[in-house]
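Ligands are counted one by one from 1 in listed order, and the atoms in each one are counted from 1 as well. Residues take their numbers from the sequence shown, with the count starting at 1. Computed from a predicted model, the values in this text were never measured in an experiment. Any value given below was found using the heavy atoms of this structure, including those in side chains, with hydrogens, waters and symmetry copies removed.
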Amino acid sequence: MIKTPDITIIGGGVIGLLTARELFNAGATVTVIEKNRLGQESSWAGGGILLPLYPWRQADAITRLTLQSLKLYPSLASQLLIDTQKDPEWTPCGLLITKNPDIDVAINWCTLNQIPYETPTATLFDGLNTIPNNPLWLPSIAQARNPRLVKSLIQDLINKGITLIEECELLDVDVNKNNITQIHTNKGILPVQNLIFSTGAWTGNLFKKLFPEIINNIPEVQPVKGQMLLFDGVPNALKMMVLDDDQYLIPRRDGKILAGSTVEYDEFNKVTTTTAKEKLSEFAYKLMPSLKDTPLINHWAGLRPGTQEGVPYIDQHPEINNLSINAGHFRNGLIMGPASAQLMVDIILKRPTKVDPKPYKLASH
Ligand SMILES: Cc1cc2nc3c(=O)[nH]c(=O)nc-3n(C[C@H](O)[C@H](O)[C@H](O)COP(=O)(O)OP(=O)(O)OC[C@H]3O[C@@H](n4cnc5c(N)ncnc54)[C@H](O)[C@@H]3O)c2cc1C
């Protein structure tokens, strides 16, 4: 007979996978169920810049998780590589931000949060075509290659013996005295002890469907489509990530270059559009003219788990005793992921938290 796990995680994106890893490391037994294939949604589609865009313009709650994740990433990435032989390609290639009308605020933020910054030298702009306005060079900022990070995390969980069930969709729950006793999936009924929803963009709808009687304490998460282009460049054609207004280029180690991204409120529609392709390619060709000679090899869309301020929900549900939520990371799930997983597990295991949990509570949004 299969033993009921201590924790059942619904949703196998980067947030669910990191949370499973953290729980396992704390001694819990974990099962992850995923309605499609693990890590193929937003967590696959993103860019992997490990800093929010213009973090000084974001909520303080985003900064707190970012700073904690920045501490965790180097050892997380090297441990994953050692344990799985699959490299998440954590790469501290630096981030060049070409235009900073709010440079004083930016520098204050960097100084306060001990993020090294410099005025970029002219050579950093070699091959780029833009009109800089108070440009800023953040040499320590890294990227992770999303699909590789996800692959590495999945392998790590497999190595650890964690049960991962793909193509298994949570459809319904049985609740008795404010406790979920079992869940209904397309693969049958599963008994549960504790649950975590890390269901990304689907969290808001899922919650309303499963708990129609709950009026307050609903995670308001909605899908926000982001489209990306991929160019087949050569290594070092672009050495660092470049943020130019609200779009960016990200060079991977093998020379591939991503151009992103759009921000579209279009329900659960993941269809790519010619308009977005034109907009992103025009941006990319203008900023880096040599890309015109570089094959454009892919174009995709992902659904970010959007929240109003971009602040995720990381909380135990106040009305359903054995339900927790770790979702709603919007544009920054890769960077906030490790700290969010740590905070979720600290809360569940009643350990002291490294980050103040208050802003992430359902009631705080
Ligand atoms: C174009 C784009 C660019 C981005 N760039 C960056 C960046 O540079 N840096 C950064 O930090 N972040 C970035 N992001 C954001 C980041 O990708 C997301 O915040 C992050 O992936 C969210 O992870 P998640 O696990 O919550 O969601 P997801 O990866 O979407 O995972 C949720 C999972 O839950 C599953 N699920 C849903 N409902 C059910 C159910 N009923 N039963 C079972 N499973 C279910 C889904 O199938 C899905 O696999 C970007 C996103 C996009 C789209």
Quiz prompt | Residue pair T66 / N113, side-chain heavy-atom distance below 4.5 Å | solution = no
Quiz item: Looking only at heavy atoms, is any part of W300 under 4.0 Å from ligand 1, and if so is it the side chain, the backbone, or both, or is it neither?
Solution: neither
Quiz item: If you measure from each non-hydrogen atom of M336 to ligand 1, which part falls under 4.0 Å: side chain, backbone, both or neither?
Solution: neither
Quiz prompt | Residue L206 vicinity, atoms of ligand 1 by number, heavy atom under 4.0 Å | solution = 41 (N)
Self-check item: Quiz item: cation-pi between R57 and Y54, 6.0 Å / 45°
Solution: yes
Exercise. Measure the distances from the heavy atoms of A201 to every atom of ligand 1 and state whether one is below 4.0 angstrom.
Key: no
Quiz item: Looking only at heavy atoms of A327, does any of them come nearer than 4.0 Å to an atom of ligand 1?
Solution: no
Exercise. Decide yes or no for I348 and I196: does some side-chain heavy atom of the first lie under 4.5 Å from some side-chain heavy atom of the second?
Key: yes
Self-check item: Straight-line distance of I250 CD1 to T91 OG1, nearest 0.5 Å
Solution: 11.0 Å
Quiz prompt | Selection from S69, C168, S43 by shortest heavy-atom distance to atom 28 (P) of ligand 1 | solution = S43
Quiz item: With a cut-off of 4.0 Å, which atoms of ligand 1 are near a heavy atom of I15?
Solution: 23 (O), 24 (P), 25 (O), 26 (O)
Quiz prompt | Contact atoms of ligand 1, heavy-atom distance to V14 under 4.0 Å | solution = 23 (O), 25 (O)
Quiz item: Looking at ligand 1, does any of its N/O atoms fall within less than 3.5 Å of an N/O of K35?
Solution: yes
Exercise. Show which atoms of ligand 1 fall inside a sub-4.0 Å distance from at least one heavy-atom site of N332.
Key: 10 (C), 11 (O), 12 (N)
Self-check item: Centroid-centroid distance, H317 to F207, less than 6.0 Å
Solution: yes
Quiz item: In this structure, which one of R253, R148, K151, R145 forms a side chain to side chain contact (heavy atoms under 4.5 Å, CB included) with D87?
Solution: R253
Quiz item: Considering G48, G328, G46, which one's heavy-atom position lies nearest to atom 3 (C) of ligand 1?
Solution: G46
Quiz item: If you measure from each heavy atom of W44 to ligand 1, is any distance below 4.0 Å?
Solution: no
Self-check item: Separation between CE of M240 and CG of L249, rounded to the nearest 0.5 Å
Solution: 9.0 Å
Quiz item: For atom 47 (O) of ligand 1, which of K225, E41, Q40, E34 has the closest heavy atom?
Solution: E34
Exercise. With the side chain counted from C-beta on, respond yes when L296 and K277 share a heavy-atom pair under 4.5 Å apart, and no when they do not.
Key: yes
Exercise. Report the member of G310, G200, P305 with the shortest heavy-atom distance to atom 22 (C) of ligand 1.
Key: P305
